[in-house]
Amino acid sequence: MENLHIDFKKSLGQNFIFDINLLNAIANDGEVEKTDTVLEIGAGAGTLTNVLCKKAKCVYSFEIDNSLSTYLNKLEKENNNLKIFYQDFLETDISKLNLKDVRVVANIPYYITTPIIFKLAEFKNNFKSILVLIQKEVALRFVAKPKTKDYGITSVCLQSIFDVSITRIVKKENFTPQPKIDSALCKLVPHNKFNLDSFKFFSKFVSACFSMRRKTLINNLKLDYDKQKLILALKKIGFNETVRPEEIDVESFVKLYNFLKN
Ligand code: SAM
């Protein structure tokens, strides 16, 4: 790979990985096996794609930058279990891909981390697991627990439908070009622990709850709901009316949402 001539596009989040040991470690953390179909978002020069092709049954990989086809077309010819889609993943209709029991393994473009994860979350039943390399500070928000500074909208939304963990920290020196901050590999495994009918509506509700972090939950929701109903709902889930959003655990948020939507 040393003789690559890539004009890295910062605007597309192009920070590539070439270290084969790290690439293997990522595929291992993704638990990719010979029977698995893998979805990758952001093929880049195809370094991770190549490793995934060796370990999986089949790999679907998205890449928005057509200029990388020089490398990716060659890779596609060498691996008959690989299909590259030269398109914007965010504009892709996932339901048309017919995905089932798929593992997502991807070093995703950081400028659209949240939209990608929330898009995947809406189709969580199609995935066995999702392993994404993201900025460390964002990963810390994904796994954060109540009453900590990182706990917020993404923590509650993602933990309501996934078991979320960090499998390893990846230092910034491992990327080309080198970004300013370290990254973390974050694993999301779908669960059905809570009684949640719509991830989309729940996410909107949670966003409203955290609209002013330092205010009480009642203050944040008072324009959308009757105050007495809010007090009653909070009492039902074991909190008093002065509670702030960051004090409420994920399961209680789901209970609150279910109570208020009726
Ligand atoms: N997988 C490669 C690696 O690990 O070396 C590249 C990872 S790089 C962080 C992210 C890649 O996502 C870039 O190649 C970029 O062009 C691509 N990308 C950016 N926005 C995209 C989008 N909306 N849809 C698909 N790919 C995108």
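We count ligands from 1, going down the list as the structure has it; atoms in each ligand are counted the same way.
Residue contact check: Glu40 has heavy atoms under 4.0 Å from atoms 1 (N) of ligand 1. Those atoms of ligand 1 with a heavy atom of Phe89 less than 4.0 angstrom away are 22 (C), 23 (N), 24 (N), 25 (C). With ligand atoms numbered from 1 in the order given, ligand 1 contributes 24 (N), 25 (C) to contacts under 4.0 Å with heavy atoms of Gln87. Applying the 4.0 Å criterion to heavy atoms of Gln14 picks out, from ligand 1, the atoms 13 (C), 14 (O), 15 (C), 16 (O). Atoms of ligand 1 found under 4.0 Å from any heavy atom of Ile108, numbered from 1 in the order shown, are 9 (C). Within the listing of ligand 1, atoms 22 (C), 23 (N), 24 (N) sit less than 4.0 angstrom from a heavy atom of Asp88. Taking a cut-off of under 4.0 Å to the non-hydrogen atoms of Ala43, the atoms of ligand 1 that pass are 1 (N), 2 (C). Short contacts between ligand 1 and Gly13, defined as distances under 4.0 Å to a heavy atom of the residue, involve ligand atoms 8 (S), 9 (C), 10 (C).
Considering both main-chain and side-chain atoms, Ile17 comes within under 3.5 Å of ligand 1 through a nitrogen or oxygen pair. Where the criterion is an N or O separation shorter than 3.5 Å, residue side chain and backbone included, Gly42 meets it with respect to ligand 1. Residue Glu63 places at least one N or O, backbone or side chain, under 3.5 Å from an N or O of ligand 1.
Under the 3.5 Å distance criterion, with hydrogens and angles disregarded, a donor-acceptor pair is assigned to the side chains of Lys54 and Asn79. Judged by distance alone, the side chains of Tyr151 and Asp249 never bring a donor and an acceptor atom under 3.5 Å apart.
Within 6.0 Å of NZ in Lys9 there are more than 12 heavy atoms belonging to other residues, nucleotides or ligands.
Note that CG of Leu185 and OG of Ser165 are 10.0 Å apart. Values are rounded to the nearest 0.5 Å. To the nearest 0.5 Å, the span separating NZ on Lys57 from NZ on Lys34 amounts to 10.5 Å. Put simply, OH on Tyr257 and NZ on Lys261 are 5.5 Å apart, with the number rounded to the nearest 0.5 Å.
You'll find the side chain of Phe253 stays beyond 4.5 Å of the side chain of Ile237, heavy atoms only. Contact of the Phe62 side chain with the Gln87 side chain is registered, since non-hydrogen atoms from C-beta on lie closer than 4.5 Å.
Summary of contacts: the protein heavy atom closest to atom 21 (C) of ligand 1 is Ile64 CG2, 3.6 Å. Closest to atom 19 (C) of ligand 1 among all protein heavy atoms lies Leu12 O, 3.2 Å. Here the heavy atom of the protein found nearest to atom 7 (C) of ligand 1 is Asn107 O, 3.2 Å.
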Output side-chain donor-acceptor pairs under 3.5 Å for residues 127-139, partner residues at least two apart or in another chain, one line each.
| unit_1 | atom_1 | unit_2 | atom_2 | d |
| --- | --- | --- | --- | --- |
| Lys128 | NZ | Asp36 | OD1 | 2.6 |
| Ser129 | OG | Arg103 | NH1 | 2.9 |

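Taking the six-membered ring for Trp, Phe16 and Phe8 have ring centres closer than 6.0 Å.
Residue Tyr111 places a heavy atom less than 4.0 Å from ligand 1.
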